[in-house]
There are 2 protein chains.
Amino acid sequence: MGSTMPGASPDFTARLRAAGLRPTRQRVALARLLFESGHRHVTAESLHVEVKSTQMPVSLATVYNALNQFRDAGLLREVVVAPGRSYFDTNTGHHHHFFVEPDGALHDFPSDKVTIAGLPAPPKGTRLSRVDVIVRVRR
Amino acid sequence: MGSTMPGASPDFTARLRAAGLRPTRQRVALARLLFESGHRHVTAESLHVEVKSTQMPVSLATVYNALNQFRDAGLLREVVVAPGRSYFDTNTGHHHHFFVEPDGALHDFPSDKVTIAGLPAPPKGTRLSRVDVIVRVRR
DNA sequence: AAGAAATTTAGAACGATTCTAAAGACTGCG
DNA sequence: CGCAGTCTTTAGAATCGTTCTAAATTTCTT
Ligand SMILES: [Mn+2]
Ligand SMILES: [Mn+2]
Ligand SMILES: [Zn+2]
Ligand SMILES: [Zn+2]
């Protein structure tokens, strides 16, 4: 058995360490929720609700800290679709989003079949950073 | 001369009335700032600063009310580019945006030269509402 | 195990936006 | 015009999402 933490998640521990983050219990618990299944879109509040119903409840401040750190480390990407609320996306690859207006649900779609042609050159003195396509839909 | 308000703006008065909004002095003052010259991108705060240096200062609450009403009436469109701040856009036609990351500046670009091909069909039970393209650039 | 450094936490603080309820303005009618 | 009715404005309080503070706890290194 493992030397220090039975039932630990060496995967997430290593992944956090590789990102330059100490694998604290809180960060491991959050990383498990975020990364152990498929891609997800969460808000700080939704992730906090989720982690509270766990063996390792985590304060809301820590959820915010972790999300920002994970984003800065490239483990997450932040998606802005609505004023006043940030979504964090575990899918860091190239893709775009459907945003379902009333409920606030986000759905990925791959960018490799999408062609954006005819974009003008960036304004003088600026370099392209990212192109976000948000397809807003309603029921 | 006009019958009741010398120096009034019949243009804006009529435009507000057509939108189902009473042409109050505050709304006329804001409409003048927003619509009398070319297209603009404003925040509630920036428009408030601007209108305060006018013969008709307007409270911040009224600026928020007016921007939301103008948006609901189709006179403005709301653009979401950064968490925690809403931009209102006097250009309600089809177009997209450059967003200059550090300073928060927005620049329009026309959508008629841009081709977006290969967008997947909207999720089941939803109808397309709008496609937003945000080209994020940095200095 | 001990010390140093990083992290977590509760609660306060913050900035943007909305709400409340009282005062004021606009409109239609006499 | 003058009034009543309705809508609008306003200051200030409240709310909401997020960040900050500073003290307690955990992690890491030796
Ligand atoms: Mn953030
Ligand atoms: Mn709004
Ligand atoms: Zn996504
Ligand atoms: Zn615009």
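Protein chains get the first letters and strands the later ones, always in sequence-line order, with residue 1 at the start of each.
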Y64(A) OH to dT21(D) P: how many Å, rounded?
17 Å
Roughly, in whole Å, what's the span from CG in L30(A) to C1' in dT9(C)?
14 Å
Could you list all the salt bridge (charged side-chain N to carboxylate O under 4.0 Å, His left out) pairs where at least one residue sits in residues 125-136 of chain A, not counting sequence neighbours?
R77(A)-D132(A), R130(A)-D132(A), D132(A)-R136(B), R136(A)-D132(B)
Is the phosphate of dT8(D), meaning OP1 or OP2, less than 4.0 Å from a side-chain N or O of T24(B)?
no
Could you list, one pair per line, each protein nitrogen or oxygen that sits under 3.5 Å from a nitrogen or oxygen of nucleotides 2-6 of chain C, together with the distance?
unit_1 : atom_1 : unit_2 : atom_2 : d
dA6(C) : O4'    : R22(A) : NH1    : 3.2
dA6(C) : O4'    : R22(A) : NH2    : 3.3

My understanding is that only residues two or more places apart in sequence, or in another chain, count here; which of them pass side-chain contact (heavy atoms from CB on, under 4.5 Å) with D103(B)?
V100(B), A105(B), R139(B)
Between R25(A) (CZ) and dT26(D) (P), how many Å, whole number?
6 Å
Separation of dT7(C) atom C1' from N68(A) atom CG, nearest Å, is 15 Å
Here the salt bridge (charged side-chain N to carboxylate O under 4.0 Å, His left out) pairs for residues 51-64 of chain B, sequence neighbours left out, are none
Output the rounded distance in Å from CZ (R71(B)) to P (dT18(C)).
8 Å
Under-4.0 Å side-chain N/O to phosphate OP1/OP2 contact, Q26(A) with dT9(C)
yes
Which residue pairs pass the ring pair (Phe, Tyr, Trp, His ring centres under 6.0 Å) test with at least one member in residues 55-79 of chain A, sequence neighbours excluded?
none
In sequence, state the C-alpha distance, the side-chain angles, and the governing distance for L67(A) and L30(A), and then conclude on side chain to side chain contact (heavy atoms under 4.5 Å, CB included).
CA-CA 9 Å; L67(A) 287 172; L30(A) 294 171; over 6 Å; no
Hydrophobic clustering (ILVMFWY, side-chain heavy atoms < 4.5 Å, transitive) - are M56(B) and V49(B) grouped together?
no
Donor-acceptor pairs under 3.5 angstrom involving side-chain atoms of residues 38-48 of chain B: please list them, not counting sequence neighbours.
unit_1 : atom_1 : unit_2  : atom_2 : d
H39(B) : ND1    : N91(B)  : ND2    : 3.4
R40(B) : NH1    : L33(B)  : O      : 3.3
R40(B) : NH1    : E50(B)  : OE1    : 3.2
R40(B) : NH1    : E50(B)  : OE2    : 2.7
R40(B) : NH2    : E50(B)  : OE1    : 3.0
H41(B) : NE2    : D89(B)  : OD1    : 3.4
H41(B) : NE2    : D89(B)  : OD2    : 3.1
H41(B) : NE2    : H97(B)  : NE2    : 3.3
H41(B) : NE2    : D108(B) : OD1    : 2.8
T43(B) : OG1    : S46(B)  : N      : 3.0
T43(B) : OG1    : S46(B)  : OG     : 3.4
S46(B) : OG     : T43(B)  : N      : 3.0
S46(B) : OG     : T43(B)  : O      : 3.1
H48(B) : NE2    : V58(B)  : O      : 3.0
H48(B) : NE2    : L60(B)  : N      : 3.4

Just grab all the ring pair (Phe, Tyr, Trp, His ring centres under 6.0 Å) pairs involving residues 107-133 of chain A, residues at least two apart or on different chains.
H96(A)-F109(A), F98(A)-F109(A)
Who passes side-chain contact (heavy atoms from CB on, under 4.5 Å) against Q55(B), sequence neighbours left out?
none
To the nearest Å, how far apart are Q69(A) CD and dT27(D) C1'?
14 Å
Whole angstrom value for the distance that separates P of dT26(D) from CG of N65(A):
17 Å
Clusters formed by hydrophobic residues whose side-chain heavy atoms approach within less than 4.5 Å: which one holds V80(B), and what are its other members?
V80(A)
Of residues 40-57 of chain B, the positions that come close to DNA chain C - non-hydrogen atoms, cut-off under 4.0 Å:
none
Could you state the atom-to-atom distance from CG of D72(B) to C1' of dT18(C) in whole Å?
14 Å
Tell me, for nucleotides 10-15 of chain C in 5' to 3' order, what letter each nucleotide earns: B for a base near a protein heavy atom under 4.0 Å, S for only sugar-phosphate near one, - for neither?
B-----
Contacts of T62(B) meeting side-chain hydrogen bond (donor to acceptor under 3.5 Å, both in side chains) (sequence neighbours excluded), chain-then-number -> S59(B)
